[in-house]
There are 2 protein chains.
Amino acid sequence: MTESGKITIRDVARRAGVSLGTASRAMNAAPGVMARTRATVEAAARELGYQPNAAARALRSRSSRLIGCLFTDLENPLYARLYNSLQDRMAEEGFVTLINASSGRADRESRAVQTFAERGLDAIVVAPGNETDADLLALLRDFPAPIVVVDRDIEIGADRVLFDHDAGIRAAVSYLAGLGHRRILPVFSPIDTRPGRMRSTAFDAAMAEAGLDVPLRVAPDTPNSPVFAEVCAALAGPDRATAMIVQGTHVLSSALNALARLGLRVPEDMSLIAIGDSATTTDHVPALTALRLDRDGMVALIADRLLARIRGLDGPRQDDVIAYELVKRGSCMPPA
Amino acid sequence: MTESGKITIRDVARRAGVSLGTASRAMNAAPGVMARTRATVEAAARELGYQPNAAARALRSRSSRLIGCLFTDLENPLYARLYNSLQDRMAEEGFVTLINASSGRADRESRAVQTFAERGLDAIVVAPGNETDADLLALLRDFPAPIVVVDRDIEIGADRVLFDHDAGIRAAVSYLAGLGHRRILPVFSPIDTRPGRMRSTAFDAAMAEAGLDVPLRVAPDTPNSPVFAEVCAALAGPDRATAMIVQGTHVLSSALNALARLGLRVPEDMSLIAIGDSATTTDHVPALTALRLDRDGMVALIADRLLARIRGLDGPRQDDVIAYELVKRGSCMPPA
DNA sequence: ATGAAAGCGCTAACAG
DNA sequence: CTGTTAGCGCTTTCAT
């Protein structure tokens with residue numbers, strides 16, 4: 001019935017009794033259109049069920065009104081939520097947001113960037129799993145549209161939004177140290193990418209400043225590797241850690257598993273701080289003290305930067321830093 | 001340097017010393033092009049770093065080579081993986097796959113479908129959170145391209161890929177009953193959508209057939225609601241259940257939480273079968289017996305159906321059923 | 001097998 | 001403020 005896809009701007013113009021150009025201007029809220037004319041055109045469009053043809057528009061205007069995201073992992077709540085929020089915000093501005101998950105494989109990431117280029121995306125936001133792949137870096141450097149890099153140490157002359165792992169980890173360590181903990185077990189992701197690298201460095205520095213040793217550490221191979229066995233082993237000795245700082249979702253749940261297996265209760269036998277806040281931390285009983293990113297702030301920052309660059313802002317590339325907040329809940333107490 | 005985006009098919013044709021039309025035919029592997037000509041054109045394209053303009057192509061050919069997915073939740077491992085696999089498969093066929101997450105809100109779902117229509121997507125696959133919203137259904141019915149519905153009871157004349165919850169739940173119940181369990185606690189999602197509805201029905205039927213009562217059930221408000229308190233309450237009595245069948249990821253982890261709090265070990269004190277297989281089930285210690293969907297089969301089915309319809313297959317709409325497999329691991333044993 | 005030409009639907013530049 | 005016109009880059013007739 002609606003026969004969508006058949007009605008062109010010509011039909012709208014005819015029905016509104018104006019020229020094609022005027023119809024276009026009216027619908028795009030261009031300056032210099034009489035309010036009355038605009039109303040007439042809009043009414044005609046509505047009555048006809050007019051839907052603009054995105055391809056024609058992109059071809060002519062050289063803007064696809066498409067934004068792309070390249071992340072490693074869709075299941076990661078951080079990225080899933082970032083994508084959701086970004087999508088909402090960009091939709092308000094008339095953009096459609098794509099996402100591509102690479103599982104961290106460099107070849108996939110390169111292909112995705114290439115596809116993005118062919119499709120003429122207006123901008124992309126990337127957090128690739130790989131910070132050093134030459135191919136990917138070249139593709140990114142040559143990318144014909146603005147890029148925002150999220151929490152990766154890659155230098156391609158693009159704007160970046162970076163997380164303040166340093167302050168976050170320091171806050172966690174000093175909270176725990178203040179509670180009286182002296183043996184704190186870090187369970188962090190591998191160091192081949194910015195978050196892992198920075199967390200490890202910050203942790204070591206903070207511990208050193210607090211005069212504490214770091215005899216043991218658990219480093220999952222990937223951000224999603226289970227660490228059950230490693231955590232069990234690390235907690236086996238007589239001088240076991242009395243507190244842990246644990247990253248992520250998968251890693252966190254397998255660490256929790258290990259505690260359960262060892263018969264260690266949180267927080268009585270083990271204090272715990274999670275890096276990143278999600279359903280896993282809030283739904284846990286007791287709710288977990290966590291390092292939470294200011295997600296809304298981050299999305300606003302990314303979106304604003306994206307929009308500004310799309311609109312032609314030509315200033316120097318800029319780095320912005322997003323803070324972590326230590327949300328204190330029930331998973332920490334002084335050691336026994 | 002590469003100056004991408006500037007080289008058009010004209011440049012390629014000129015360099016190859018052929019006409020524009022021939023260049024197009026050569027690159028699209030159209031019939032009736034001399035092998036030599038094709039080679040020349042392809043070489044020219046490569047040397048120039050030619051990238052076809054997707055918008056122009058879409059405008060002229062009336063095909064965007066874009067596929068859309070409309071799911072409720074990106075964090076849900078099932079959808080995240082379905083999307084990943086589908087994307088891989090469709091990329092091989094030259095399509096880019098978009099995804100949109102609605103969080104189950106009908107208005108968002110309607111807007112997403114509308115956007116998909118404007119963008120001229122070649123096909124969409126949908127698993128909306130809402131099966132009855134009139135607006136959404138109308139939009140879907142009028143959608144100008146093929147649709148594949150995933151596990152939803154919506155009748156819009158589209159092909160569907162449905163999960164066999166009935167056989168799956170029955171297999172789980174009869175396995176547990178065979179082990180000697182008589183009190184089995186179901187922890188299922190709400191019944192306002194196909195999976196929840198079918199699971200509940202199948203569970204009741206299977207229990208009745210096994211001659212077992214269902215005194216208690218836990219039904220989270222949404223597929224992601226925590227059920228800690230409800231599970232604790234349900235397991236409080238003297239005749240507590242000795243086995244549970246639990247859905248999802250979030251629900252599952254909060255149920256596991258509840259067991260830990262109650263001091264109930266799996267499987268010694270409580271047998272447990274998870275609906276859906278993910279890192280949560282495989283990484284748990286002990287690994288959880290789970291109802292696993294044949295994901296590869298599902299993706300192949302969806303992709304084939306999509307492709308066939310895009311290519312004009314005009315047969316009657318079809319329903320396909322995907323089986324669940326009961327993967328036996330360490331979380332079940334006879335009741336004490 | 002290839003070349004020439006038309007035109008997809010739209011926006012932007014230029015007149016009036 | 002509005003009408004007219006010229007393409008955007010490509011695929012697809014229609015000739016040859």
Side-chain angles (χ1 to χ4, degrees), chain A residues 3-42 44-45 48-66 94 117-122 144 311-312, chain B residues 3-42 44-45 48-66 94 117-122 144:
Chain A
E3 197 64 35
S4 39
K6 305 287 309 172
I7 306 119
T8 79
I9 197 171
R10 269 199 138 71
D11 302 313
V12 175
R14 189 167 11 229
R15 170 148 189 151
V18 299
S19 78
L20 189 155
T22 302
S24 170
R25 280 181 291 251
M27 298 170 117
N28 291 305
V33 182
M34 269 188 18
R36 236 196 89 134
T37 312
R38 158 146 54 247
T40 317
V41 171
E42 275 166 357
L48 258 27
Y50 168 70
Q51 285 191 326
N53 179 316
R57 186 183 282 207
L59 177 57
R60 182 61 239 232
S61 67
R62 325 202 125 275
S63 159
S64 60
R65 301 198 78 74
L66 246 29
E118 279 180 28
R119 291 276 164 180
L121 297 229
D122 287 350
R311 284 164 188 159
Chain B
E3 197 63 33
S4 39
K6 304 289 307 171
I7 306 119
T8 79
I9 197 170
R10 267 199 137 72
D11 303 314
V12 176
R14 186 166 13 229
R15 170 147 189 153
V18 298
S19 81
L20 190 157
T22 301
S24 170
R25 280 182 290 253
M27 296 169 129
N28 291 305
V33 181
M34 269 187 18
R36 233 196 92 132
T37 311
R38 157 141 58 247
T40 318
V41 171
E42 276 167 355
L48 259 26
Y50 168 69
Q51 285 191 327
N53 179 317
R57 187 183 282 209
L59 177 57
R60 183 60 236 235
S61 67
R62 327 203 122 273
S63 160
S64 60
R65 301 197 78 74
L66 245 30
E118 280 179 26
R119 291 275 164 181
L121 297 228
D122 287 350

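Small disclaimer: the values here were computed from a predicted structure and weren't measured. Side chains are part of it too, since the values below use all heavy atoms of this structure and drop only hydrogens, waters and symmetry mates. Convention: sequence-line order gives letters A, B, ...; per-chain numbering from 1.
One can place CZ of R10(B) at 11 Å from C1' of dA4(C), the figure rounded to the nearest angstrom. Following rounding to the nearest Å, E118(A) (CD) and dG9(D) (P) show an atom-to-atom distance of 16 Å. In this structure, CD1 of I9(B) is placed 12 Å from P of dG3(C), rounded to the nearest angstrom. Atom CG in N53(A) sits about 11 Å away from atom P in dC8(C), given to the nearest Å. In this structure, L59(A) atom CG and dG7(D) atom C1' are separated by 9 Å, rounded to whole Å. The nearest whole Å value for the distance from the CE atom in M34(A) to the C1' atom in dT2(D) is 10 Å. If you take CZ of R57(B) and P of dT11(D), they are 5 Å apart, rounded to a whole angstrom. The distance from atom CZ of R14(A) to atom C1' of dG3(D) is 15 Å, rounded to the nearest whole Å.
Listed here is the closest heavy atom pair of N53(A) and L59(B): ND2-CD1, 4.2 Å. Pairing each heavy atom of A117(B) with each of P144(B), the nearest pair is CB-CD, 4.2 Å.
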Check: protein-nucleotides 12-16 of chain C nitrogen or oxygen pairs below 3.5 Å:
{"from": "dA13(C)", "atom 1": "N6", "to": "R25(A)", "atom 2": "NH1", "distance (Å)": "3.1"}

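Residues passing the side-chain contact (heavy atoms from CB on, under 4.5 Å) test with T40(B) are A16(B), sequence neighbours excluded. For S24(B), the side chain to side chain donor-acceptor pair (under 3.5 Å) test picks out N28(B), with sequence neighbours left out. Under the side chain to side chain donor-acceptor pair (under 3.5 Å) criterion, S61(B) pairs with no residue, sequence neighbours left out. Listed by chain and residue number, D11(A) satisfy the salt bridge (Lys or Arg N to Asp or Glu O under 4.0 Å) test with R14(A) (two or more places apart in sequence, or in another chain). By the side chain to side chain donor-acceptor pair (under 3.5 Å) test, R119(A) is found to be paired with no residue, residues two or more places apart in sequence or in another chain being considered. Every residue was checked against the side chain to side chain donor-acceptor pair (under 3.5 Å) condition with R60(A), not counting sequence neighbours, and none meets it.
In the set dT2(C), dG3(C), dC10(C), dT2(C) carries the atom at the smallest distance from any side-chain atom of V33(B).
The nearest heavy atom of DNA chain C to A23(B) and to A54(A) marks one nucleotide each, and the one closer to the 5' end goes with A23(B).
For the helix from dA1(C)-dT16(D) to dG16(C)-dC1(D), the rotation axes defined at the first and last 5 base pairs enclose an angle of 40°, given to the nearest 10°.
Between R62(B) and dT12(D), a side-chain N or O to OP1/OP2 separation shorter than 4.0 Å is absent. Remark: T37(A) is not in phosphate contact with dC1(D), judged by side-chain N or O atoms under 4.0 Å from OP1 or OP2. For the OP1/OP2 pair of dG3(D) and a distance below 4.0 Å, the side-chain nitrogens and oxygens of S19(A) include at least one atom meeting the criterion. Within the 4.0 Å cut-off from OP1 or OP2 of dT11(C), at least one side-chain nitrogen or oxygen of N28(A) is found.
Each salt bridge (charged side-chain N to carboxylate O under 4.0 Å, His left out) pair with one or both residues in residues 16-40 of chain B, not counting sequence neighbours, would appear here, but there are none.
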